[in-house]
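For this chain, numbers begin at 1 and follow the sequence in order. In listed order, ligands and their atoms are each counted from 1.
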Amino acid sequence: MSDFTITNTVDADLPDPFVGKHLIDGQWISGSETFERVSPSHGAVVSISAMGSETDTELAIATARKVFNRGSWSRLSGKQRATIILKVADLIDANIERIAVQETLESGKPIAQSRAEVGGASDLWRYAAYLARTSHGDSHNSLGKDMLGIVVKEPIGVVSIITPWNFPFWILSQKLPFALAAGCTVVVKPSEVTPSSTVMLGELLVQAGIPPGVCNIVLGYGQPVGSLLTEHKDVDMVSFTGSTAVGKLISNACSNTLKKVALELGGKNPQVIFPDADLESAADAVTFGAYFNAGQCCNSSSRILVHEDIAEQFIQRVIALSKLVRFGDPMNPDTQVGAIVTADHARKIHAHVQAATADGARLELGGKIFSVPRLGKQFYQPTILTGVTPNMEIAREEVFGPVLSVLTFQTLDEAIAMVNDSDFGLSAGVWSDNIHTCLEFSRGVQAGTVWTNTWMDGYPELAFGGVKQSGQGREIGHYGYEEFLEVKSVLMRVGRSGAPWVQKRA
Ligand code: NDP
């Protein structure tokens, strides 16, 4: 590992394990059984959580239904809902450190990243509060003198929110404040690997004065908690982020009751680099896109397409930068890349790399599980594979690790075809100083987000989501908010009806 940059291991006592309970109808409920989370970097138990059962889940759904129907949240004014959502945003800002430390211990991600993630999430809450107050429907005043039509928007009802482990606090904040702003009631199930920051957020919601039963949290596993949240007839919508495989199961489960389903799933996101680009910035963005969150990110740019004329020099640039990325103890504020979330997942990443070399890809850098001094053996080296061809599994499947596949191309049309030759369509990026290249690329690629001369920027105002097997529906922004609303048309006659349907006989 001497080729790479490893940060120092921090000498500090870990906090006592966080004890997580379910939040149902405003009450904190311990389970008769619990489950533990062992920190992927430190190997110590960092949380003990109530294990959700079918009964807990039924109770949480029944509560969310009852509270929705009662209208104690759904019929509040937008201003009243926004007031509480804004308080939550302020409380998040006041609790960044506590939440960030727990997030880092459970996920293995660097503390600097957790702080930025939690701190940044409060802005999503503030934007959702703004939407709660400004949301409106349409009026149709051109239907004739005796008719006025209005289209009103109403909260969709009870929403199940199921989240993964890679950005537990951020992904929840992409969904929950928007659902609450719309007037929905919710039941949240975080990943069993990273449950605690969701419980901490629940504490802040209670502190902010959210009425009991509006936001319920059930901790536990996909079975039985997650699956009941998707099958139950009293749930009106499921909002899920996670793997494409589980997304498909959820979509099937939802079809039995025809409930709405919003899915944010995997990606195989390419950055495409043209010779006229600012290659220094492009190489930096490629490095960031490959290793951010140890590549455990739906938006990771796990494949790049480099123009043949610059491929060799560009790869050397990326290799040099990769060696400078600071891997190591997630509790060290200088660390940029931490541990892999579970030992199983680290093995899965390694199996992908081995399969790629067996398929003929060349390992230019990394390709090994490694340990950091005084920490566990659950880190993965920054890894670069060249000679990758479009049909190799490594070019097509989501690896979810710090592994970059390099492909080459000759023309813009060829690059667009290679981008689109994928089951996924989450995001794509282009690097060129030619505006026409950027525009043609943006129009031609099948993706929910296109970045030109940048990578992974996002704002609460802009929608996020994928096409093809990367998902359906959108999150954040005005469009994400609309997902949690139903549309109702109201037609109102003005004055007495002029022409009766039934003609009276003389
Ligand atoms: P999953 O997609 O398996 O799980 C995500 C969430 O769904 C978790 O809360 C999980 O609970 C829950 N869940 C699992 N099965 C069901 C079900 N049948 N019905 C309802 N909910 C269910 O992600 P994993 O965390 O297991 O990771 C597996 C792989 O998914 C990763 O290796 C990665 O490739 C990919 N992934 C992609 C993400 C993305 O953002 N695109 C995010 C995370 C993972 P539980 O954890 O208890 O099973």
Colleague: So among P195, P40, P168, which one has a side chain to side chain contact (heavy atoms under 4.5 Å, CB included) with E106?
Modeller: P195
Colleague: Do the side chains of D93 and R126 get close enough for a salt bridge, i.e. N-O under 4.0 angstrom?
Modeller: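 Between R126 and D93 there is a salt bridge, with a charged N closer than 4.0 Å to a carboxylate O.
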Colleague: Near H345, which atoms of ligand 1 are under 4.0 Å from a heavy atom of that residue?
Modeller: 32 (O)
Colleague: Can you tell me which residue and heavy atom of the protein come closest to atom 20 (C) of ligand 1, and the distance to 0.1 Å?
Modeller: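 Checking every protein heavy atom, the shortest distance to atom 20 (C) of ligand 1 gives G226 C, 3.2 Å.
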Colleague: Taking 4.0 Å as the limit for heavy-atom contacts, which would you say applies to F400 with ligand 1: side chain only, backbone only, both, or neither?
Modeller: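 Near ligand 1, F400 shows its side chain, while the N, CA, C and O stay back.
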Colleague: Identify, by atom number and element, the atoms of ligand 1 in contact range of N166, meaning under 4.0 Å from any of its heavy atoms.
Modeller: 40 (O), 42 (C)
Colleague: For atom 30 (O) of ligand 1, what is the closest protein heavy atom, and at what distance to 0.1 Å?
Modeller: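 Result: S243 CB, 2.9 Å.
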Colleague: Among protein heavy atoms, which sits nearest to atom 13 (N) of ligand 1, and what does the distance come to when rounded to 0.1 Å?
Modeller: G222 CA, 3.7 Å
Colleague: Which residue and atom name correspond to the protein heavy atom nearest atom 45 (P) of ligand 1, and how close is it?
Modeller: E192 OE1, 2.8 Å
Colleague: Please list, in number order, the atoms of ligand 1 under 4.0 Å from a heavy atom of I162.
Modeller: 6 (C), 7 (O), 9 (O), 12 (C), 20 (C), 21 (N)
Colleague: Regarding ligand 1, does L249 bring an N or O atom to under 3.5 Å of one of the ligand's N or O atoms?
Modeller: no
Colleague: Can you confirm whether V158 sits close enough to V186 that some side-chain heavy atom of one is under 4.5 Å from a side-chain heavy atom of the other?
Modeller: no
Colleague: Judged on heavy-atom distance to atom 39 (C) of ligand 1, which of C298, G471, G466 sits nearest?
Modeller: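 Closest candidate by heavy-atom distance is C298.
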Colleague: Looking at K259 and E231, is any side-chain nitrogen of the basic one under 4.0 Å from a carboxylate oxygen of the acidic one?
Modeller: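 Result for this pair is no, no salt bridge flagged.
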Colleague: Suppose we measure from atom 25 (O) of ligand 1 to each protein heavy atom; which comes out shortest, and what is that distance?
Modeller: W165 NE1, 2.5 Å
Colleague: Counting C-beta onward and ignoring hydrogens, is there a side-chain heavy-atom pair between I273 and V430 closer than 4.5 Å?
Modeller: no
Colleague: Centroid-to-centroid, Y481 to Y127, below 6.0 Å?
Modeller: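 Centroid distance Y481-Y127: not below 6.0 Å, so no.
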Colleague: Counting only pairs under 3.5 Å, give me each side-chain donor-acceptor contact of residues 384-407, with atom names and distances, residues two or more places apart or in other chains.
Modeller:
| residue | atom | partner | partner atom | Å |
| --- | --- | --- | --- | --- |
| T386 | OG1 | E364 | OE2 | 2.6 |
| E393 | OE2 | H352 | ND1 | 3.3 |
| R396 | NH1 | P390 | O | 2.9 |
| R396 | NH1 | D421 | OD2 | 3.4 |
| R396 | NH2 | D421 | O | 3.2 |
| R396 | NH2 | D421 | OD1 | 3.0 |
| E398 | OE2 | G267 | N | 3.1 |

Colleague: Is T230 close to ligand 1, meaning an N/O of one under 3.5 Å from an N/O of the other?
Modeller: no
Colleague: Is the closest heavy-atom distance from F240 to ligand 1 below 4.0 Å?
Modeller: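 The answer is yes: ligand 1 sits under 4.0 Å from a heavy atom of F240.
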Colleague: Of all the atoms in ligand 1, which lie at a distance below 4.0 Å from a heavy atom belonging to I250?
Modeller: 19 (N), 20 (C), 21 (N)
Colleague: Using heavy-atom distances only, which candidate in T194, V246, T163 approaches atom 3 (O) of ligand 1 most closely?
Modeller: V246
Colleague: Considering both backbone and side-chain atoms of T241, is one of its nitrogen or oxygen atoms within less than 3.5 Å of a nitrogen or oxygen in ligand 1?
Modeller: no
Colleague: Can you sort out which atoms of ligand 1 are near K348, meaning under 4.0 Å from one of its heavy atoms?
Modeller: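 Here the atoms of ligand 1 in question are 29 (C), 31 (C), 32 (O), 34 (O).
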Colleague: Any non-hydrogen side-chain atom of S191 less than 4.5 Å from a side-chain atom of T194?
Modeller: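 The answer is yes, as the side chains (C-beta and beyond) meet within the 4.5 Å cut-off.
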Colleague: Would you kindly specify which portion of L265 sits under 4.0 Å from ligand 1, judged on non-hydrogen atoms: side chain, backbone, both or neither?
Modeller: backbone
Colleague: In Å and rounded to the nearest 0.5 Å, what is the OG to CG distance from S470 to L426?
Modeller: 4.5 Å
Colleague: For ligand 1, which atoms have a heavy atom of G266 less than 4.0 angstrom away?
Modeller: 41 (N)
Colleague: Nearest protein heavy atom to atom 32 (O) of ligand 1: under 4.0 Å?
Modeller: yes
Colleague: Does D25 come within less than 4.0 Å of K66, counting only side-chain N to carboxylate O?
Modeller: yes
Colleague: How are the rings of F370 and F379 set relative to one another: parallel (under 30°), tilted (30 to 60°) or perpendicular (over 60°)?
Modeller: tilted
Colleague: Are the side chain of S300 and the backbone of G295 linked by a donor-acceptor contact shorter than 3.5 Å?
Modeller: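 Pair found, side chain donor or acceptor close to backbone of G295.
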Colleague: Between the candidates Q223, E231, K189, which shows the shortest non-hydrogen contact distance to atom 11 (O) of ligand 1?
Modeller: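 The option holding the nearest heavy atom is K189.
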Colleague: Quick test of your reading of the model: are E117 and K109 salt-bridged, counting only N-O distances below 4.0 Å?
Modeller: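 Judged by the 4.0 Å cut-off on N to carboxylate O distance, E117 and K109 do form a salt bridge.
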Colleague: State the atoms of ligand 1, each with its element, that fall below the 4.0 Å cut-off from a heavy-atom position in G220.
Modeller: 47 (O)
Colleague: Is E483 paired with R474 through a side-chain N to carboxylate O contact shorter than 4.0 Å?
Modeller: no
Colleague: Give the numbers and elements of all ligand 1 atoms closer than 4.0 Å to a heavy atom of P164.
Modeller: 42 (C), 43 (C)
